[in-house]
Amino acid sequence: MASSSLRTVEEIFKDYNARRSALVRALTYDVDDFYSQCDPDKENLCLYGHPNEAWEVALPAEEVPSELPEPALGINFARDGMNKKDWLSLVAVHSDCWLLSVAFYFGARLNRNERKRLFSMMNDLPTIFEVVTGQKPVKDKPTVESGSKSRNSTKRSIDGQPRSNPKLAE
């Protein structure tokens, strides 16, 4: 799917999920192949997840600025200087960041509610870091702040300054 055709929350999430699946596979099921492709003697390498659920270790795009945000550069250099699990965790964290940046690059034209919905959909999935490290996502515990009771919140104007609420003043 061409990047310019990703216009809806659902299309962007589908792209995010496919790229995420590719990266999870690279860092788990295909880990030996991935590890061998990240030769520290090669140039600066990046791990890419593609919308067709394929992953690739490759040099970064040559055009500047690139069409999409770029993943972490030089993932191969730290490979032999770190414990393998720690290195994979580091690549996973950078991959999570890259996925978010690509999704919100595509979502630049979404409105506030659409961005919130997109983030919520992405946040319902475990991060690549959580998958790679075997951590279980922590379920949010209801708190006084996030509970169902209504609370007084400070509304802010566009410039970030608190706005007065006439109902609170009464």
Side-chain angles (χ1 to χ4, degrees), residues 1 3 6-61 64-110 112-143 145-147:
M1 182 176 287
S3 61
L6 296 178
R7 299 193 188 279
T8 68
V9 170
E10 290 74 17
E11 290 169 340
I12 296 168
F13 179 72
K14 182 178 177 185
D15 180 87
Y16 169 87
N17 203 24
R19 291 175 190 274
R20 179 186 167 281
S21 294
L23 297 173
V24 166
R25 191 171 61 259
L27 296 172
T28 57
Y29 301 109
D30 299 342
V31 68
D32 292 332
D33 185 20
F34 168 68
Y35 189 85
S36 68
Q37 288 187 40
C38 291
D39 183 346
D41 293 330
K42 292 183 181 175
E43 295 287 323
N44 288 313
L45 296 175
C46 300
L47 173 60
Y48 293 90
H50 297 292
N52 65 355
E53 297 189 20
W55 61 269
E56 172 185 31
V57 173
L59 293 170
V64 177
S66 59
E67 181 183 345
L68 288 176
E70 286 291 323
L73 180 65
I75 59 169
N76 51 317
F77 294 137
R79 187 194 78 175
D80 290 348
M82 295 178 73
N83 170 291
K84 185 175 182 178
K85 284 184 177 183
D86 293 341
W87 177 73
L88 290 170
S89 297
L90 179 65
V91 173
V93 168
H94 283 285
S95 296
D96 282 321
C97 294
W98 177 68
L99 280 177
L100 288 171
S101 69
V102 169
F104 281 95
Y105 171 84
F106 288 140
R109 289 187 172 90
L110 298 176
R112 178 181 182 208
N113 289 334
E114 290 169 329
R115 288 191 311 272
K116 283 175 75 173
R117 192 162 62 94
L118 175 61
F119 183 75
S120 178
M121 292 167 72
M122 293 186 306
N123 207 36
D124 283 343
L125 298 172
T127 64
I128 298 172
F129 177 80
E130 289 169 338
V131 173
V132 168
T133 61
Q135 291 184 8
K136 301 245 190 278
V138 179
K139 296 284 185 192
D140 291 337
K141 295 177 183 169
T143 64
E145 287 294 313
S146 67

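In this structure Tyr35 satisfies the side chain to side chain donor-acceptor pair (under 3.5 Å) test with no other residue, sequence neighbours excluded. Judged as a side chain to side chain donor-acceptor pair (under 3.5 Å), and not counting sequence neighbours, Glu114 has no contacts. With sequence neighbours excluded, the residues forming a side chain to side chain contact (heavy atoms under 4.5 Å, CB included) with Arg115 are Phe104, Leu110, Arg112, listed by chain and number. Contacts of Lys42 classified as salt bridge (Lys or Arg N to Asp or Glu O under 4.0 Å), with partners at least two apart in sequence or in another chain: none. Take Asp124 and apply the salt bridge (Lys or Arg N to Asp or Glu O under 4.0 Å) test, not counting sequence neighbours, and it matches no residue. With sequence neighbours excluded, no residue satisfies salt bridge (Lys or Arg N to Asp or Glu O under 4.0 Å) with Arg79. Take Asp86 and apply the salt bridge (Lys or Arg N to Asp or Glu O under 4.0 Å) test, not counting sequence neighbours, and it matches no residue. Residues that satisfy the ring pair (Phe, Tyr, Trp, His ring centres under 6.0 Å) test with Trp98, not counting sequence neighbours, are absent from this structure. With sequence neighbours excluded, the residues that form a side chain to side chain contact (heavy atoms under 4.5 Å, CB included) with Met121 are Val9, Phe13, Arg117. By the side chain to side chain contact (heavy atoms under 4.5 Å, CB included) test, Lys85 pairs with Asn83, sequence neighbours left out. For Ser36, the side chain to side chain contact (heavy atoms under 4.5 Å, CB included) test picks out Asp33, with sequence neighbours left out.
At a threshold of 4.5 Å between non-hydrogen side-chain atoms, the residues Asp39 and Asn76 do not count as touching. For the pair Thr127/Val132, no side-chain contact is recorded, criterion being any heavy-atom separation below 4.5 Å from C-beta on. In this structure the side chain of Pro126 reaches within 4.5 angstrom of the side chain of Val131, judged on heavy atoms. The shortest side-chain heavy-atom distance between Leu23 and Val91 does not fall under the 4.5 Å cut-off. A heavy-atom distance below 4.5 Å is found between the side chains of Leu88 and Lys84. Residues Leu68 and Phe106 have side chains in contact (heavy-atom distance under 4.5 Å, counting atoms from C-beta outward). The closest side-chain heavy-atom distance from Pro51 to Arg19 is below 4.5 Å. Inter-residue side-chain proximity for Val57 and Cys38 is flagged as met; some heavy-atom pair is nearer than 4.5 Å.
Of all non-hydrogen atoms in Ile128 and Ala92, the two that sit nearest each other are CG2-CB, 3.8 Å. Considering all non-hydrogen atoms of both residues, Ala26 and Leu47 come closest at CB-CD1, 4.2 Å. For the residue pair Gly49 and Ala22, the shortest heavy atom distance occurs at CA-CB, 4.0 Å. In terms of heavy-atom proximity, Tyr16 sits nearest to Ala103 at CD1-CB, 4.2 Å. When every heavy atom of Leu27 is checked against every heavy atom of Ser95, the shortest pair comes out as CD1-OG, 4.4 Å. What you find for Asn44 and Gly74 is that their closest heavy atoms are OD1-CA, 3.8 Å.
In this structure a side-chain-to-backbone donor-acceptor pair under 3.5 Å is present from Thr8 to Glu11.
Sparse packing is recorded around CZ of Phe119, with 12 or fewer heavy atoms of other residues, nucleotides or ligands lying under 6.0 Å away.
The distance from atom CZ of Phe77 to atom CD of Glu43, rounded to the nearest 0.5 Å, is 7.0 Å. Ser120 OG to Leu118 CG: the interatomic distance, rounded to the nearest 0.5 Å, is 9.5 Å. Here CE of Met122 is found 5.0 Å from CG of Leu100. Values are rounded to the nearest 0.5 Å. Annotation: the span from Lys14 atom NZ to Leu6 atom CG amounts to 10.0 Å, rounded to 0.5 Å.
The side chain to side chain donor-acceptor pair (under 3.5 Å) analysis of residues 48-60, with sequence neighbours excluded, yields the pairs Asp30-Trp55, Tyr48-Glu70, His50-Glu56.
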